[in-house]
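The structure appears below as structure tokens.
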Protein chains: 2
Amino acid sequence: MSIKKASTIQDVANKAKVSIKTVSRVINNEPNVSLETVKKVETAIDLLDYQPNAFAQSLARSKPKIISLIYDTPSPNYISHIMEGVLAYCYKVDYEVIIHPLRFNEVGLMRSAEKFIKKSRLAGLIVTPPYSDNVEFIKLIESFDLPKVLISSGLNISEEDSIKTNDREVSMQMTDYLISNGHKRIAFIKGHPTHLCINDRFKGYQDAMNRAGIEIDNSIVENGLNSLSSGEQCAERLLSLKERPTAIFSSNDEMAAGVIKVAYRNGLNIPSDLSVVGFDDSPMTAMITPPLTTVKQPLDAIGEKSAEKLIDKLENKELVRESVINSNIIYRDSVKKIN
Amino acid sequence: MSIKKASTIQDVANKAKVSIKTVSRVINNEPNVSLETVKKVETAIDLLDYQPNAFAQSLARSKPKIISLIYDTPSPNYISHIMEGVLAYCYKVDYEVIIHPLRFNEVGLMRSAEKFIKKSRLAGLIVTPPYSDNVEFIKLIESFDLPKVLISSGLNISEEDSIKTNDREVSMQMTDYLISNGHKRIAFIKGHPTHLCINDRFKGYQDAMNRAGIEIDNSIVENGLNSLSSGEQCAERLLSLKERPTAIFSSNDEMAAGVIKVAYRNGLNIPSDLSVVGFDDSPMTAMITPPLTTVKQPLDAIGEKSAEKLIDKLENKELVRESVINSNIIYRDSVKKIN
DNA sequence: GACGATTCTGACAACGCTGTCTTTAGATAA
DNA sequence: TTATCTAAAGACAGCGTTGTCAGAATCGTC
């Protein structure tokens, strides 16, 4: 097979016998091109299978069509679904995406973030936790006057710049569900303190408990660190209490998995001896025994909405997009009714 | 805070009182610049915190410093670790990476792949399964004369263009391990037939069985489809056999998780009634009960090596890099000695 | 038929950089 | 001294596109 060479706007212009500017007009749906000319140009584009060079466009445009997704790397599952959604939307509207992992604990984090922003000439940024909780980072973005969308930020960010989930509300529902199954002594394992948004999950738990008139016993509220082993540690303490909880609500699945491991180790059956619920619906939750009742965040949708919101802003569409995306409880087999 | 504006090569040139070309020379470590001038320019660069605009560079250069990572989206864990490695290496050597998911089952896959290649002006491609097994796709790449590195391709690709893992060998070791634990009736669950590389795992099983002089009973070799549910189905059949296997080797962890679920459902304990091993060391394997003995591929390293190999090729470094990366067995608690 | 208004089209600079070629200045040789 | 060479630096075009502005064609109006 002969070697293909991508054709340029000039090639198209030659073939259609118009100027390159006219081709540019057609590509970008600019007004004031006669129907006839549009046809000619489109035919030429088809014939040559022309694709505009994205980087030349970025260079020439005042606002390049390139955005970036910023993340740390805590959970592959989380970020890859968000990314999926972002890429899908951007692909549709013909934006390029640059994926940029940043090491949260790195020295000189801000420096390297700044370097990245400078060299890439971005139109805007989508920021995931934990960066969306990081005041310094957000200031950096603002100092470049870069449009942004922050995902699940625990900070007090204007609705225009953020996409949130209803963590608090759904945590409340989950707690209600536990209560409606007869549980009163419900332990809670909090998440990592730097993940602000995860705190909302605790608030939802408080809401439900308060509403149900059950006093929260702080001896069964644990401070977890999001990891499996941290879940195990919390569970060790919780399960060695003389007055054991009948249910444990963990702010994420990984810690819930730790709880389940410890429960088994202590000869406890789930759900008959202990009900456990998690949060996130990470892939393993369906695989462990018993399958875990948990909360599913529609991550793809979150990614997609974030991209949509950012790009709408970039193009000055004044649509006010919904900023809260609802999660759902996935009912599986880790909760049992007691009396 | 005032709004920052990224500085350009011109700004640096002005500040250092040299021409932009000289600045360019310094940035790219070109020869024939006096030490004194280099100093001046570097000072100016520091002062202005200058970062070359990556896209302008790409446009101007004959070989842009941009590569792409091509993948489908079967497993978030797999791809995000590979990506991690690729990004890390590229970051070091100052290459940009464009991430590009492609839908394997989409109509017009080749069309959209071709479009992507044309619009992005890439220097080279890193291709993961299943695309690295796809002849048509590889031909497409070759028709553009694009340098490439194929990860875990089951095709007969020159060593220069591929990074492989020792799946076959380590599968043999795993089977040996089972045999050395007294197992003779060892079932095998194959992976999805389009994933060529996964077939090597079966070959390794065959190798070990043959060498140990154990005849392979085809009634306990199942054709799986990589998914949890497919693992469950295979396990249903396997465990309902009158002469049950004492161990099951699944070509991936997800199917192994399915096996474990079915085993529990049938009142079988693992590992005392049945040993199970998997492949991939996906995150959940440590969380299920019992923790699964499996094979860990060093995915980050694979990504990194792929990027290194591709970029070495792009820069005509003639180093022959090792093309096989070794996986290791992770011994956990899902295997028990029998007699 | 002449006029301005409107629609369409094209020339050309600009985006920020690299590649090629030329110029300059200093060193070396005759 | 002058010619010759070489290292260092710069001028300028070009990468593939968009933005600005000016020009040409068409239209409606009086």
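The sequence lines fix the lettering, A, B, ..., with proteins before strands; numbering per chain opens at 1. Treat the numbers as computed from the prediction; the structure is a model and nothing was measured.
The aromatic ring centres of B:Tyr131 and B:Phe104 sit less than 6.0 Å apart.
A salt bridge links A:Glu308 with A:Lys305: the distance from a Lys NZ or Arg NE/NH1/NH2 to an Asp or Glu carboxylate oxygen falls below 4.0 Å. Using a 4.0 Å cut-off between charged side-chain N and carboxylate O, B:Lys164 and B:Glu159 make no salt bridge.
Checked against side-chain hydrogen bond (donor to acceptor under 3.5 Å, both in side chains), A:Glu315 has the following partners two or more places apart in sequence or in another chain: A:Tyr95. Scanning for side-chain hydrogen bond (donor to acceptor under 3.5 Å, both in side chains) contacts around A:Thr22 gives A:Ser19, with sequence neighbours left out.
Remark: B:Ser19 is not in phosphate contact with D:dA9, judged by side-chain N or O atoms under 4.0 Å from OP1 or OP2.
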Scan nucleotides 16-28 of chain D nucleotide by nucleotide, 5' to 3', and note B when protein non-hydrogen atoms come under 4.0 Å of the base, S if they reach only the sugar-phosphate, - if neither. BBBBB--------
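Of the possible polar contacts, one joining the A:His192 side chain to the A:Thr194 backbone as a donor-acceptor pair under 3.5 Å is found. Using modelled atom types, no side-chain atom of B:Asp161 and backbone atom of B:Ser158 make a donor-acceptor pair closer than 3.5 Å. B:Asp133 places a side-chain N or O within 3.5 Å of a backbone atom of B:Leu196 that can act as its donor or acceptor partner.
A:Thr37 comes within contact range of the sugar-phosphate backbone alone, with a heavy-atom separation under 4.0 Å but no base atom that close.
Applying the side-chain hydrogen bond (donor to acceptor under 3.5 Å, both in side chains) test to residues at least two apart or on different chains, the pairs with a partner in residues 116-130 of chain A are A:Lys118-B:Asp49, A:Lys119-B:Asp94.
Overall bending of the helix from C:dG1-D:dC30 to C:dA30-D:dT1, expressed as the angle between end axes built from five pairs apiece, is 50° (10° steps).
In this structure, the CG atom of A:Asn32 is 13 Å from the P atom of C:dG10, given to the nearest Å. Atom pair A:Ile66:CD1 and C:dG16:C1' shows a separation of 13 Å (rounding to whole Å applied).
The distance from atom CD1 of A:Ile163 to atom CG of A:Leu150, rounded to the nearest 0.5 Å, is 10.0 Å.
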Detail all sub-3.5 Å separations between protein N/O atoms and N/O atoms belonging to nucleotides 22-24 of chain C.
none

